[in-house]
Amino acid sequence: MVHTDRVSALQNPGRLPMVTTPAESATWTVNARARGAVAAINLDALRANVGRCREVASGADVMAIVKADAYGHGLVPCAVAARDAGATWLGVALLDEALALRSAGVGGRVLAWLGSPGARWAECIDNDIDISVSARWSLDAVAAAAKSAGRRARVHLKVDTGLSRGGGTIADWSELAQAAHALQSLGLVEVVGLWSHFANADRPAEPSNASQTAAFDSAVDYARGVGLEPEVLHMANSAATFVLPQSRYNLVRPGIAIYGLSPGEEIGTSADLGLTPVMSLRALLASVKQVPAGVGVSYGYEYVTREPTSVGLIPMGYADGLPRAAVNAGPVLAAGRLRTIAGRVSMDQVVVDLGSDPASPGDEVVLFGVDGPTADDWAAACGTIAYEIVTRIGPRVPRAYLGADR
Ligand SMILES: *Cc1c(COP(=O)(O)O)cnc(C)c1O
């Protein structure tokens with residue numbers, strides 16, 4: 001197979017090279033090649049990005065956020081690599097995500113913050129997972145689970161300082177802090193953290209950033225006043241880690257920056273921030289054929305060829321996470337040129353107009369990555385953010401890990 005690829009590459013000069021370097025053979029694993037698509041995950045870049053966040057955090061510890069399958073990059077390999085690079089904490093939304101880390105043998109401090117009534121509190125306590133609490137009902141649920149587990153629960157109290165999403169309101173804070181202190185005195189919980197989350201950290205000049213940190217400082221003062229002695233205070237996501245130094249306290253929670261992507265235009269590009277994108281989405285053309293001028297391409301004929309041309313088929317569609325909004329807009333590097341996909345995104349495939357450039361089935365195309373368009377380019381083309389572009393890449397796309405064996 002490799003031999004055939006090399007021969008065909010030689011027969012078609014000008015095509016993108018096939019398996020020629022160790023990095024490429026790591027990308028095109030047997031599974032990826034058989035599928036014709038891959039999300040290559042560069043763990044060396046992830047480790048460097050964690051290092052960059054540690055440097056920027058200037059003394060605060062780093063909690064690498066690995067929720068949502070590490071933003072589509074793969075929970076366990078990314079968690080392990082982040083740990084290697086000095087992230088002393090890992091953060092996930094769901095309690096089940098934290099339990100998945102433990103099942104895979106990932107140790108150390110892990111915080112999970114999104115438990116609904118009925119969540120696996122006791123299993124998390126058994127597995128030494130830190131749990132966020134935002135309300136009396138969850139505090140009581142955690143305390144009851146601690147009692148049944150016969151083990152104290154480590155709790156981070158979350159205060160809503162202005163996002164109006166998770167967290168206890170300022171109005172409820174005194175009751176929550178006092179109740180937590182009472183349960184701590186009974187030996188059922190240990191309040192190890194106080195925390196909050198920003199609404200507008202990606203827009204550093206927004207007045208809400210200063211009012212949220214001020215509200216957090218008051219909440220911390222109040223909690224200390226009732227006798228709580230938290231080990232960690234944390235507020236900063238990626239954007240705040242980079243641009244709101246007063247929000248770093250002694251722990252920061254970067255997510256998107258770990259994956260090498262910018263948290264927002266006002267914060268700077270990946271390169272400005274010293275970050276390297278970790279995911280590269282690539283495919284092998286599933287077919288190439290000649291079509292005449294004036295033919296409609298894909299459902300609804302939203303693309304019509306202008307001249308006789310060749311069209312290539314990319315075996316990925318919205319079932320794989322390509323946004324359907326990418327019609328005639330999603331960028332692709334194919335047959336040596338930057339193009340946009342032709343017509344609508346189907347469930348399983350998209351088409352690209354290759355013009356008169358030579359191409360063959362099996363040629364590699366780059367949808368995004370360091371050597372092609374970026375996830376930000378896809379986000380701009382689809383009216384969304386790079387977070388969503390990488391996170392939505394689905395399980396039908398095999399992940400290939402580069403730098404995994406360091
Ligand atoms: C997702 C999330 C983060 C990380 O946010 P980024 O913008 O990706 O850095 C941090 N904290 C909480 C509570 C989150 O939900």
Side-chain angles (χ1 to χ4, degrees), residues 46 49-50 52-54 56-57 60-73 75 78-79 82 87-98 109-116 129-134 138 155-168 193-204 206 209 212-213 216 232-245 247-270 273-275 277-279 375-376 379 384-392:
L46 187 142
N49 295 333
V50 170
R52 177 71 183 132
C53 289
R54 289 178 68 195
V56 169
D61 281 337
V62 169
M63 177 188 290
I65 304 302
V66 292
K67 62 188 178 185
D69 202 28
Y71 292 39
H73 294 65
L75 174 67
C78 292
T88 45
W89 288 77
L90 297 171
V92 289
L94 306 182
L95 276 61
D96 286 359
E97 296 176 312
R109 296 298 282 276
V110 174
L111 172 66
W113 60 76
L114 191 56
S116 304
I129 291 160
D130 289 46
I131 301 167
S132 173
V133 158
S134 294
S138 58
V155 161
H156 296 230
L157 292 184
K158 184 173 191 186
V159 56
D160 177 3
T161 53
L163 177 60
S164 304
R165 198 178 70 178
L194 302 176
W195 73 298
S196 192
H197 193 47
F198 282 109
N200 296 302
D202 58 330
R203 285 180 289 152
E206 271 289 310
N209 292 315
Q212 284 198 259
T213 42
F216 185 65
V232 287
L233 303 177
H234 50 106
M235 261 198 101
N237 56 7
S238 297
T241 298
F242 278 86
V243 300
L244 299 174
S247 73
R248 291 180 194 135
Y249 300 94
N250 63 348
L251 180 63
V252 296
R253 302 191 309 270
I256 199 74
I258 301 293
Y259 308 104
L261 301 174
S262 165
E265 269 171 41
E266 290 188 25
I267 310 298
T269 63
S270 294
L273 300 175
L275 302 170
V278 171
M279 184 190 289
D376 278 322
T384 183
I385 53 177
Y387 290 72
E388 190 185 9
I389 296 295
V390 290
T391 303
R392 55 185 288 149

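Remember, it's 1-based here, ligands and their atoms both numbered in the order they're listed.
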Check your understanding: When you look at CZ of R54, are more than 12 heavy atoms from neighbouring residues, nucleotides or ligands closer to it than 6.0 Å?
Key -> no
Practice item. Please confirm whether P254 comes within less than 3.5 Å of ligand 1 when only nitrogen or oxygen atoms on both sides are compared. Key: no
Check your understanding: Under 30°, 30 to 60°, or over 60°: which ring-plane class applies to H234 and H156, parallel, tilted or perpendicular?
Key -> perpendicular
Check your understanding: Any side-chain heavy atom of N250 sitting closer than 4.5 Å to one from L233?
Key -> yes
Practice item. Report the nearest protein non-hydrogen atom to atom 8 (O) of ligand 1: residue, atom name, distance rounded to 0.1 Å. Key: Y71 OH, 2.6 Å
Check your understanding: Heavy atom under 4.0 Å from ligand 1: found in S238's side chain, backbone, both, or neither?
Key -> both
**Study point:** Minimum side-chain heavy-atom gap I267-P204 below 4.5 Å
**Key:** yes
Study note, to complete from the structure: side chain to side chain contact (heavy atoms under 4.5 Å, CB included) with W89: of V252, D130, V62, only one passes, and it is D130
Exercise for review: Run the numbers for me: atoms of ligand 1, each under 4.0 Å from some heavy atom of I256, listed by number.
Suggested key: 6 (P), 8 (O), 9 (O)
Check your understanding: Tell me: protein heavy atom nearest atom 2 (C) of ligand 1, and distance?
Key -> K67 NZ, 2.5 Å
Revision key, fill the gap. For atom 13 (C) of ligand 1, the closest protein heavy atom turns out to be W195 CZ3, 3.5 Å
**Study point:** Side chains of F198 and T213 in contact at under 4.5 Å (non-hydrogen atoms)
**Key:** yes
Review point. Judged by atom type as modelled, is there a donor-acceptor pair below 3.5 Å linking the side chain of S164 to the main-chain atoms of D160?
Key: no
Check your understanding: Any N or O of I65 that comes nearer than 3.5 Å to an N or O of ligand 1?
Key -> no
Review point. Near R165, which atoms of ligand 1 are under 4.0 Å from a heavy atom of that residue?
Key: 15 (O)
Check your understanding: Looking at side-chain heavy atoms only, is the closest gap between P277 and D376 below 4.5 Å?
Key -> no
Point to revise | Closest protein heavy atom to atom 7 (O) of ligand 1, given as residue, atom name and distance to 0.1 Å | key: Y387 OH, 2.6 Å
Check your understanding: What protein heavy atom sits nearest atom 11 (N) of ligand 1, and how far away is it?
Key -> R253 NE, 2.9 Å
**Study point:** ligand 1 versus H197: contacting region, heavy-atom distance under 4.0 Å
**Key:** side chain
Exercise for review: Specify side chain, backbone, both or neither for M235, according to which of its non-hydrogen atoms lie closer than 4.0 Å to ligand 1.
Suggested key: neither
